[in-house]
Amino acid sequence: MELIQQNPDLSAYLAADEVIDHDHPSVREVAARLAKGAEDSYAYARLAFEFVRDTIPHSQDSGDPRVTWRASDVLERRTGICYAKAHALTALLRAEDIPTALCYQRFDVVHGLVAVRFDGAWHRQDPRGNKPGVDARFSLGRERLAFTPDREAGEADYPQLYAAPHPAVLAALRAATDRAHLWATLPASL
């Protein structure tokens, strides 16, 4: 699948905003700590991915009712669904000048992940969090995502790479009073 940048200006994929708030002290502190253990940007990207995947539980898996959507909140509260974890990883990567996009897949509901740009190409990564039956890995080669869409069942990969969260995703996150409410209002498509 060919990934498509929604914005042709690569600098858009380095920008901070209300959601991808990589200028926030909490994000900067985690980024600086991770960067100390990385010999280059590839190693940093892998460390940031593993940090989000492994130390921030997916709220559905952990039973946490809180809804987070801003990257700094995800890092501070240590919880989030796939979209929120993608926002946190995007902020950590952009904090170290690694172009990062938000992207999506469609299953029963829309699933969020990221794409990082290295060596002139985009590489999708899924920081959702592993569990039995899910084994996502950081890879700049063959994708190692949490889920593979079943085309015959109507599931799909969306090829668009967004510099900011999709409006439908952000609206659902912002409107949710708790995770149960969010689960009932997740977008089914984009």
Side-chain angles (χ1 to χ4, degrees), residues 13 16-22 24 26-31 33-34 44-96 98-116 122-139 143-148 157-158 161-166 168-176 178-183 185-187 190:
Y13 298 92
D17 61 25
E18 180 186 18
V19 179
I20 311 301
D21 58 345
H22 65 75
H24 190 280
S26 296
V27 177
R28 301 302 306 173
E29 183 275 321
V30 173
R33 187 166 22 97
L34 292 171
Y44 174 82
R46 182 183 49 74
L47 288 172
F49 169 84
E50 291 171 352
F51 176 83
V52 173
R53 183 195 64 191
D54 298 342
T55 70
I56 300 171
H58 189 285
S59 58
Q60 178 71 16
D61 295 348
S62 67
D64 193 324
R66 297 174 295 165
V67 174
T68 54
W69 52 269
R70 184 177 288 117
S72 58
D73 291 341
V74 175
L75 295 174
E76 289 173 355
R77 295 180 183 160
R78 293 284 199 261
T79 190
I81 67 164
C82 61
Y83 310 132
K85 292 181 68 155
H87 299 166
L89 180 56
T90 298
L92 289 172
L93 294 171
R94 289 183 184 181
E96 290 296 314
I98 299 170
T100 308
L102 297 158
C103 48
Y104 303 93
Q105 297 175 307
R106 184 183 72 236
F107 298 100
D108 291 338
V109 294
V110 174
H111 173 64
L113 47 146
V114 306
V116 296
W122 290 100
H123 307 274
R124 294 189 306 166
Q125 313 296 326
D126 192 341
R128 181 224 178 271
N130 290 338
K131 63 179 186 173
V134 175
D135 185 28
R137 305 270 177 189
F138 183 82
S139 175
E143 287 186 334
R144 298 286 309 268
L145 305 178
F147 308 110
T148 302
D157 283 308
Y158 290 110
L161 300 173
Y162 297 92
H166 190 281
V169 167
L170 192 53
L173 287 167
R174 284 182 166 162
D178 60 21
R179 187 178 38 80
H181 178 250
L182 176 62
W183 228 244
T185 60
L186 289 173
L190 299 179

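Values reported hereafter were calculated over all heavy atoms of this structure, with side chains retained and with hydrogens, waters and symmetry mates removed.
Between the side chain of Thr55 and the backbone N or O of Val52, no donor-acceptor pair lies under 3.5 Å. With hydrogens and angles ignored, the 3.5 Å screen pairs no side-chain donor or acceptor of Ser26 with any backbone N or O of His24. With hydrogens and angles disregarded, a donor-acceptor distance shorter than 3.5 Å links the side chain of Arg179 to the backbone of Ser59. The main-chain N or O of Val110 is never found under 3.5 Å from a side-chain atom of Gln105 such that the two would form a donor-acceptor pair. Tyr104 places no side-chain N or O within donor-acceptor distance of the main-chain N or O of Leu190, the cut-off being under 3.5 Å.
Residues Val27 and Leu75 have side chains in contact (heavy-atom distance under 4.5 Å, counting atoms from C-beta outward). Contact check for Glu96 versus Leu34: no side-chain heavy atoms found under the 4.5 Å cut-off. In this structure the side chain of Asp126 never reaches within 4.5 angstrom of the side chain of Val134, judged on heavy atoms. You'll find the side chain of Val67 reaches within 4.5 Å of the side chain of Leu173, heavy atoms only. Using a 4.5 Å heavy-atom cutoff, the side chains of Phe51 and Pro127 are not in contact.
For Ala163, the side-chain contact (heavy atoms from CB on, under 4.5 Å) partners are Ala12, Tyr13, Arg94, not counting sequence neighbours. By the salt bridge (Lys or Arg N to Asp or Glu O under 4.0 Å) test, Asp73 pairs with Arg70, sequence neighbours left out. Shown here are the side chain to side chain donor-acceptor pair (under 3.5 Å) partners of Arg174, two or more places apart in sequence or in another chain: Glu18. Applying the side chain to side chain donor-acceptor pair (under 3.5 Å) test to Arg28 and every residue at least two apart in sequence or in another chain returns nothing. Arg128 is linked by a salt bridge (Lys or Arg N to Asp or Glu O under 4.0 Å) to Asp61, counting only residues two or more places apart in sequence or in another chain. Scanning for side-chain contact (heavy atoms from CB on, under 4.5 Å) contacts around Asp135 gives Asn130, Arg137, Arg144, with sequence neighbours left out. Residues passing the salt bridge (Lys or Arg N to Asp or Glu O under 4.0 Å) test with Arg53: none are found, sequence neighbours excluded. Scanning for salt bridge (Lys or Arg N to Asp or Glu O under 4.0 Å) contacts around Arg66 gives Asp64, with sequence neighbours left out. Remark: Ser72 engages Asp21 in a side chain to side chain donor-acceptor pair (under 3.5 Å) (not counting sequence neighbours). Remark: Ala86 pairs with Leu102, Val114 by the side-chain contact (heavy atoms from CB on, under 4.5 Å) rule, at least two apart or across chains. For Ala16, the side-chain contact (heavy atoms from CB on, under 4.5 Å) partners are His22, Asp23, not counting sequence neighbours.
Annotation for Leu182 and Ala172: closest pair CD1-O, 3.5 Å, computed over non-hydrogen atoms. Minimum interatomic distance between Leu145 and Glu143 (heavy atoms only, all atoms of both residues): CD1-OE1, 3.5 Å. Nearest approach of Leu93 to Ala48, heavy atoms of both residues: CD2-CB, 4.0 Å. Nearest approach of His58 to Cys82, heavy atoms of both residues: NE2-N, 3.3 Å. Taking both residues in full, the closest heavy atoms of Ser62 and Pro57 are given as CB-CB, 3.9 Å, listed atom of the first, atom of the second, then distance.
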Next on the checklist: Run the side-chain contact (heavy atoms from CB on, under 4.5 Å) test on Thr100 and Ile20 for me, step by step, so that the C-alpha distance in whole Å, both residues' side-chain angles and the decisive distance to 0.1 Å come before the verdict.
Outcome noted: CA-CA 10 Å; Thr100 308; Ile20 311 301; over 6 Å; no
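Using cut-offs of 30° and 60° on the angle between ring planes, the pair Phe138 and Phe49 is tilted.
Listed by first and then second residue, the ring-ring contact (aromatic ring centres under 6.0 Å, His included) pairs involving residues 59-95 amount to none (not counting sequence neighbours).
With rounding to the nearest 0.5 angstrom, the CG atom of Leu113 is 4.0 Å from the SG atom of Cys103. If you take NE2 on His111 and CG on Leu186, they are separated by 12.0 Å, rounding to the nearest 0.5 Å.
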